[in-house]
Amino acid sequence: MNRLTILSLLSLFLISCNASTGVPSPAVNSDGTVELDPHSELTIPPILDYTIEDGQKIFDLVLQEGEVEFVEGIPSATMGFNGDFLGPTIRVDAGDDVLLNVKNDLDQATTVHWHGLHVPAEMDGTPHQLIGAGETWQSYYPILNEASTMWYHPHAHGTTAQQVTNGLAGLYIIEDENSKSLDIPQTYGVDDIPVIVQDKIFDDGVMSTSIQGGVFYGDTMLTNGTLNAWVQVPAKQVRLRILNGSLARIYSFGFADGREFYQIATDGGLLETPAPMTSLLMATGERAEIVVDLSDGEEAVLMTLDDDRLPGTSGGEYNILRLVPDTGHDLADADPSPLPEVLNVIERWTEDEADVVRPLVLAGGVSEEPDPTDLYIEMDHDDQENAGGRSIPINGKVMDMERIDEVVNLGDIEIWEISNNGAPHPIHIHDIQFLILDRNGIPPEPYESGWKDTVLVNNNETVRVITKFDTYANQEIPYMFHCHILQHEDGGMMGQFIVVDPEAVANGEPSILDHTYALASLPFLPPDFGSNSEPFVCELPAS
Ligand code: C2O
Ligand code: CU
Ligand code: CU
């Protein structure tokens with residue numbers, strides 16, 4: 001039976017509008033069922049086409065301005081990749097060689113970063129790799145990560161929050177032999193659904209792109225850019241690839257009817273075994289894949305729930321996505337096979353294997369008293385006006401593009417020990433995926449026991465993560481680590497690290513350790529960087 005009901009002209013009269021936002025609520029039929037407004041059908045970002053040349057998969061991305069009727073008949077100004085809002089899904093296989101032509105058709109500079117991917121710093125799309133208006137940047141690298149849901153977004157220093165708000169973000173899916181061999185839902189857009197969650201503010205039906213003031217919290221949810229989103233799926237196990245693509249909001253995802261679901265993947269790969277749960281905490285920048293069973297034929301509404309673990313600023317209950325099972329679908333399966341017990345093998349480093357322990361102290365570190373300089377504390381979106389202009393340091397320093405904060409030796413296993421006495425900050429490290437050792441000494445719960453590149457560090461918490469820096473070293477550009485609350489990042493809650501290979505340097509390979517590289521060698525210069533003939537003097541930490 002196809003339960004899709006097309007919105008009739010008559011039922012238009014049943015639509016009510018939220019007075020201040022101008023966003024219509026879904027219409028309710030006389031029998032109490034909720035209309036499936038065709039305008040609210042979930043947008044599925046298309047898979048990006050590629051060509052193959054000399055064994056390389058070539059993708060073209062164009063950053064452009066656009067216009068979207070989030071509310072039917074009311075246009076909002078937006079930005080997108082190859083379209084009006086968000087971007088196509090890049091899908092590759094582990095082992096592929098990729099080349100991405102990134103053309104900037106905006107009238108402002110930008111960069112594009114491949115969040116979560118293990119790529120050379122020079123290909124990472126950091127603040128050092130500005131793409132001027134009208135310019136094209138080429139990024140090429142082999143896919144060294146395992147099957148995972150990554151994403152891409154701008155990363156120019158100071159404008160990231162604004163450009164992401166305007167719509168610049170997309171998913172980057174990696175598959176591998178293991179993921180393809182597993183008996184899990186994997187038909188993109190059918191039973192394997194991308195879910196990009198962003199909180200927004202609407203005024204009279206227009207999406208506001210104003211993020212002035214402090215940290216941004218919206219009160220209206222967009223799911224893949226769709227308001228009041230619903231999607232029809234086969235009545236069976238369905239996989240959701242969730243990206244928290246919001247500027248700051250932390251979510252506690254769960255279903256309206258409290259049904260159990262399984263998390264199968266964290267940021268950087270599949271979990272070893274499916275983790276059953278009824279709510280899933282996700283901070284900005286994080287991804288998770290979940291599988292929910294809809295073989296009962298009942299609708300399930302993915303929501304963000306009230307949760308004691310959320311700071312007040314992130315509270316509130318909002319619908320994210322209505323899943324409408326189609327019992328007549330070919331794939332519908334009244335007797336679903338259980339998920340495989342083994343999804344992945346994760347080789348874990350032990351604490352004693354670590355060569356280095358590296359502390360990252362957020363704002364004032366860990367103490368009895370929350371740090372008053374932390375602008376995230378107790379702020380809701382009414383207070384945003386009062387909060388601008390301050391920066392939250394890491395290890396006492398705010399971002400300086402001309403300063404290298406940490407130097408890592410190639411091949412080292414490192415523990416990064418991140419401590420925080422302010423409000424929660426999701427900390428993201430480029431280049432690598434890490435495993436969480438513990439939070440205040442307690443091993444991670446199953447939902448964050450897999451590969452991660454972003455970890456929420458709560459008030460008065462010390463989180464220890466372990467990783468290995470391999471493959472890439474002696475690059476001319478540093479990697480970043482930062483808070484993924486995008487206004488914190490833009491405000492300077494970010495540092496830079498380089499990976500050096502002492503052996504190669506001894507053999508005469510050029511290195512950032514030479515302390516200088518010609519600024520003129522950077523393809524596009526940040527406007528405030530001064531003359532491009534000045535050598536870029538890279539200040540290293542005292543050793
Ligand atoms: Cu998703 Cu450095 O960022
Ligand atoms: Cu990143
Ligand atoms: Cu932060």
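Indexing begins at 1, ligand by ligand and atom by atom, following the structure's order. Computed from a predicted model, the values in this text were never measured in an experiment.
- Relative ring orientation between His482 and His430 is described as perpendicular, the plane-to-plane angle rising above 60° on a 0-90° scale split at 30° and 60°.
- Using cut-offs of 30° and 60° for the angle between ring planes, the His488 and His425 rings count as tilted.
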- Message: Test side-chain hydrogen bond (donor to acceptor under 3.5 Å, both in side chains) on Gln433 and Asp453; report intermediate values, then the result.
- Response: CA-CA 5 Å; Gln433 292 286 327; Asp453 54 53; 2.9 Å; yes

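- Our summary of the site lists the angle at atom 2 (Cu) of ligand 1 between NE2 of His482 and NE2 of His430 as 110°, to the nearest 10 degrees.
- His425 contributes ND1 and Cys483 contributes SG; the angle these two atoms make at the Cu ion (ligand 3) is 130°, rounded to 10°.
- Ion pairing between Glu289 and Arg241 holds under the 4.0 Å rule for side-chain N and carboxylate O.
- Between His155 and His153, the ring planes are parallel. Angles under 30° get that label, and only those over 60° would be called perpendicular.
- Within the 2.8 Å limit, His484 places no N, O or S atom next to the Cu ion (ligand 3).
- Between Phe497 and Phe481, the two ring planes are tilted [angle within 30° to 60°].
- Take atom 1 (Cu) of ligand 1 and draw a sphere of radius 2.8 Å; the protein N/O/S atoms inside it number 3.
- Take the N/O/S atoms of His488: the one nearest the Cu ion (ligand 3) is ND1.
- In this structure, the ring of His118 has its center less than 6.0 angstrom from the ring center of Tyr472.
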* Asked: Would Arg309 and Ser279 count as a side-chain hydrogen bond (donor to acceptor under 3.5 Å, both in side chains) if you check the C-alpha gap in whole Å, the side-chain angles of each, and the deciding distance to 0.1 Å?
  -> CA-CA 11 Å; Arg309 296 170 298 175; Ser279 71; 3.2 Å; yes

